[in-house]
Every structure is written in structure tokens, then in C-alpha cells.
Amino acid sequence: MSLAANRNPIASVPNDLEAYWMPFTANRAFKRSPRMIARAKNMHYYTADGRAVLDATAGLWCCNAGHNRDPIVRAISQQAAELDYAPAFQFSHPKAFELASRIASLAPGDLNQVFFCNSGSEAVDTALKIALAYHNVRGAGGRTRLIGRERGYNGVGFGGISVGGIANNRKFFGSLLAGVDHLPHTYNREQQAFTKGEPAWGAHLADDLDRIVALHDASTIAAVIVEPMAGSTGVLPPPKGYLERLRAICNKYGILLIFDEVITGFGRLGWAFAAERYGVEPDMITFAKGVTSGAVPMAGVVVRQGIYDQFMHGPEHAVELFHGYTYSAHPLACAAGLATLDLYREEGLFERARALEPVWADAAMTLKGLPYVLDIRTVGLVAGVDLASRPDAVGRRAYDAMEKAFGEVGVMVRITGETLALSPPLIVSESEIGEIFDKVAKVIRSLD
Ligand SMILES: Cc1ncc(COP(=O)(O)O)c(C=O)c1O
């Protein structure tokens with residue numbers, strides 16, 4: 001073929017759905033019947049043909065301030081025109097420091113230091129690495145074990161899937177990190193079904209950490225990581241007193257406690273962080289998603305002052321922690337983050353979530369008694385609805401619910417296994433809460 005004939009290869013590339021391998025998606029089913037979103041505003045998504053879909057999931061648990069909010073859009077476009085990028089290593093830019101201070105001021109106690117990443121998965125792996133390195137630099141390098149929890153989701157990095165507790169996220173990927181153990185998950189339908197908020201049963205499950213310590217010895221354990229509320233395995237609020245007990249056991253043995261707040265951060269449970277809701281101070285908090293209301297990828301780890309200080313020895317020109325990302329504290333993300341935090345404060349969105357929690361929980365419980373509904377759990381502005389599986393096709397009923405909700409009824413729901421997970425933007429109104437559950441009820445009634 002002559003050069004001339006090949007001058008415009010782009011023009012010959014078909015614009016079809018084939019080349020994009022979609023994440024955590026049933027690719028073949030999607031490509032047969034795509035669910036495409038063209039634009040969004042406030043509480044709604046819009047399809048290419050202009051159909052409004054009420055967003056009951058804040059995107060993927062991230063658009064807490066609602067969609068395409070003007071102040072965030074303005075901040076991102078101004079920043080893009082002013083400074084596209086500054087090297088993250090050995091250089092920086094003012095908004096990185098400003099955002100770190102703002103996040104640290106929202107975190108409890110002496111969680112004063114913020115390390116920036118770009119995704120929740122990076123934040124988790126960063127926290128685990130900081131835990132290992134912390135023990136190393138203080139002369140306790142034998143503390144290499146990491147403890148996660150069954151049914152935990154801590155992203156998809158090798159660290160995160162190792163401490164995570166979802167079989168499908170682990171079983172395809174080899175032997176993972178060595179030296180990891182898991183706490184039992186906290187869900188028990190017999191004891192907890194249809195609970196609003198934190199279930200009364202289950203605090204004792206934290207005591208399993210004592211057993212794990214007895215097995216491995218405290219001198220080998222670096223950190224425990226849990227989501228205060230497990231989101232991605234179907235919305236599991238912590239039993240009353242459970243997190244306090246974990247904290248006490250970690251204190252007893254010098255084990256760091258990490259809260260993975262990628263979902264629970266930035267108002268989802270009615271406070272800046274779930275740590276505040278539960279009055280339990282971890283040693284590190286991972287965050288992502290809500291920090292920019294999903295507008296630009298950003299994540300990070302908030303770390304206690306004493307952990308940071310432990311690294312600040314040695315020659316002043318030397319790097320203290322050998323870790324970081326090209327796009328740590330990217331200027332666009334920092335601009336989006338600052339504008340988002342302003343919105344949360346000006347509109348009182350965390351307090352709004354707190355005030356709406358009882359309305360939300362009551363509305364969610366109206367689904368009780370509908371066909372296939374086995375359990376409903378609520379906490380903050382989150383609800384999980386378990387459906388009975390079809391014996392011949394586990395997961396199919398929830399999948400059908402998601403498709404019908406989006407394509408026919410006009411509400412976006414998220415599914416995980418056979419659970420519908422709902423987590424609207426924090427700007428949701430009382431009437432929209434009613435609309436969400438009316439629509440979800442309609443979907444459930446239409447299932448077979
Ligand atoms: C608790 C938790 N940790 C980590 C992650 C991973 O975040 P990302 O998808 O941004 O890597 C998620 C994502 O939902 C999450 O819920």
C-alpha cells in the first residue's frame with residue numbers, strides 16, 4: 001500500500017464497541033445492549049437520546065456533591081488554563097498543600113499528614129506500604145503481616161486484593177502477598193436482618209483479632225485494614241462496638257489500624273469520615289471518590305503525625321519514603337478537590353446526609369415484603385437490598401434489576417452479587433428519596 005493511500009488511517013478505524021475492555025463489567029452483555037451515558041447534571045444522568053435517569057448511586061459512590069456542579073467545573077477549567085502539571089517529585093504547587101491542610105483538618109485527632117494518590121486502590125497499597133515501612137524505620141522490621149477481613153473490598157492492587165476478602169477478586173491472581181490473614185466478616189442474616197444503622201449483634205467478632213495475634217504473635221503483625229462499613233460486598237454496617245474493640249486490640253499489641261474510607265469518606269455516613277461517626281481514631285485513613293465528587297481522579301491516605309515523624313530522620317536532602325505517583329496531587333485534581341470541599345461546607349452536605357438518614361432508612365424499608373427481598377440494610381445515605389437468587393443463575397436477578405432500572409424505569413442502581421446497593425449524591429431531596437424507592441420497588445416487582 002502506498003503512503004498516500006494510508007495517509008489517514010484514523011478514518012478507517014471503525015467506531016464500534018469492540019476495542020474497549022471494560023472493567024468489572026459483563027463485556028459481552030454490555031456490548032450487546034449498551035448502557036451509555038451522555039451527560040449529567042445534579043441528581044440525574046442523561047442518555048444520548050435525552051432520557052433522564054435518577055442517580056441513586058452517586059456514580060460509583062463518588063459524586064457526593066451531585067453531578068457537574070458549576071463551582072467544580074469552573075475550578076477545573078481555570079486550573080487547566082493556569083497550570084496543567086507540575087512534577088510531583090521534588091517539586092509541587094500551592095494547591096497540593098492547601099488541599100492537604102483542608103483534608104487533615106477534616107480528619108480526627110492527629111491524623112495530620114496527607115499522602116496523595118489517584119485511586120482508592122493506590123491509596124490502599126500506599127497505606128499498607130507506609131505501615132510496613134513505619135515498622136521498619138522504627139526498628140520493628142519483623143512486623144510484616146497484614147490483616148484484612150473476609151468480604152472486604154480494598155481495591156484491586158496486589159496489596160488490596162491480598163487483604164481483601166472477595167474470592168473472585170483473588171482466585172485468578174496467584175498467591176498474592178505472603179503473610180496475610182483475615183478477620184471474619186460481620187454479617188449474619190439471622191441476627192441482623194432488616195436493621196437500620198449498626199446492628200446490635202456482632203461486636204464480639206472483633207475479638208478474632210486476639211486469636212490471630214495468638215497464632216502469629218504480635219511481633220509479626222504490621223497492620224489491620226477494614227472498611228468501617230463494607231460497601232462493595234453488599235453494604236455491611238459495623239456492629240455496634242465492633243470498631244472500638246478492634247481499636248483496643250490493636251492498641252494492646254502495637255498494631256496499626258487502617259480504615260479504608262474510600263466509600264465512607266466525605267459525608268456518605270453523615271460525617272467527613274466514618275471514624276468521626278464511630279468515635280474511633282484509626283492510625284491511617286484511605287480516601288478517594290468523594291474528595292473531588294468524582295470529577296477528577298484523586299485519592300490519598302491521611303496518616304497520624306507520629307507515623308510521619310518516624311520517617312523524618314536522616315540527611316535532609318534524602319528522600320524519606322520511597323513511594324509516590326507521577327500524578328500524586330495533580331493540579332486539576334487539587335483544584336477539583338478544593339472546590340468540592342468548599343461545596344460540602346457551604347451547602348452543609350455532610351450534615352444534610354446525617355439529617356436525611358432516618359428518612360432514607362424508612363424509605364428503604366418500604367421494600368420489605370416485596371418479592372425476593374431477603375434483607376435490607378441502611379446506614380448514612382447507603383442502602384443494601386439482598387435479593388433471592390435464581391437457583392439456576394446466581395446474580396442474574398440483580399443484573400436484570402440493574403438493566404431494567406436503567407433502561408425502563410429511569411433510576412441507576414449498583415449491583416454486587418445479588419445485592420442492590422444505593423448511595424445517592426448527598427444533595428438528594430426527600431421527594432427524590434421517595435422517587436428512588438418507588439422506582440426500585442417497580443423494578444423489583446417486575447423481576448422473575
Ligand atoms: C473501600 C474501597 N477501597 C478501595 C476501593 C478502590 O478504589 P478505586 O476503584 O478508586 O481503585 C474501593 C472502590 O470502590 C472501595 O470501595
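One-based numbering, in listed order, for ligands and for the atoms of each.
- When each of Val235, Asp386, Leu205 is paired with Tyr187, the side-chain contact (heavy atoms from CB on, under 4.5 Å) condition holds for Asp386 and for no other.
- Distances between N or O atoms of Glu227 and those of ligand 1 include no value under 3.5 Å.
- Near Ile263, with a cut-off below 4.0 Å to any heavy atom, the atoms of ligand 1 are 16 (O).
- Against a heavy-atom cut-off of under 4.0 Å, Asp260 is close to the following atoms of ligand 1: 1 (C), 2 (C), 3 (N), 4 (C).
- The contact set between ligand 1 and Gly120, taken as ligand atoms under 4.0 Å from a residue heavy atom, comprises 6 (C), 7 (O), 8 (P), 10 (O), 11 (O).
- Aromatic ring centres of His323 and Tyr325: separated by under 6.0 Å.
- Remark: the Ser101 side chain and the Glu98 side chain contain no N/O donor-acceptor pair separated by less than 3.5 Å.
- Proximity to Lys289 (heavy-atom distance under 4.0 Å) selects the following atoms of ligand 1: 13 (C), 14 (O).
- Using a 4.5 Å heavy-atom cutoff, the side chains of Leu338 and Lys95 are in contact.
- Between Trp271 and Tyr278, a ring centre-to-centre spacing not shorter than 6.0 Å is recorded.
- Remark: ligand 1 atoms within the under-4.0 Å shell around heavy atoms of Ser121 are 6 (C), 7 (O), 8 (P), 11 (O).
- Under 4.0 Å from ligand 1, the heavy atoms of Ser232 that appear belong solely to its side chain.
- Of all non-hydrogen atoms in Glu418 and Gly395, the two that sit nearest each other are OE1-N, 2.8 Å.
- Of the polar atoms of Trp61, none of the N or O atoms is found under 3.5 Å from an N or O of ligand 1, judged by distance alone.
- We find that Asp70 and Lys41 are joined by a salt bridge, their nearest charged nitrogen and carboxylate oxygen being less than 4.0 Å apart.
- For a threshold of 3.5 Å applied to N or O pairs, the pair formed by Glu122 and ligand 1 contains no separation below that value.
- The heavy atom nearest to atom 1 (C) of ligand 1, considering only Phe287, Tyr153, Phe24, is found in Tyr153.
- For ligand 1, the atoms closer than 4.0 angstrom to any heavy atom of Gly155 are 3 (N), 4 (C), 5 (C), 6 (C).
- Residues Phe266 and Phe273 bring their aromatic ring centres within 6.0 Å.
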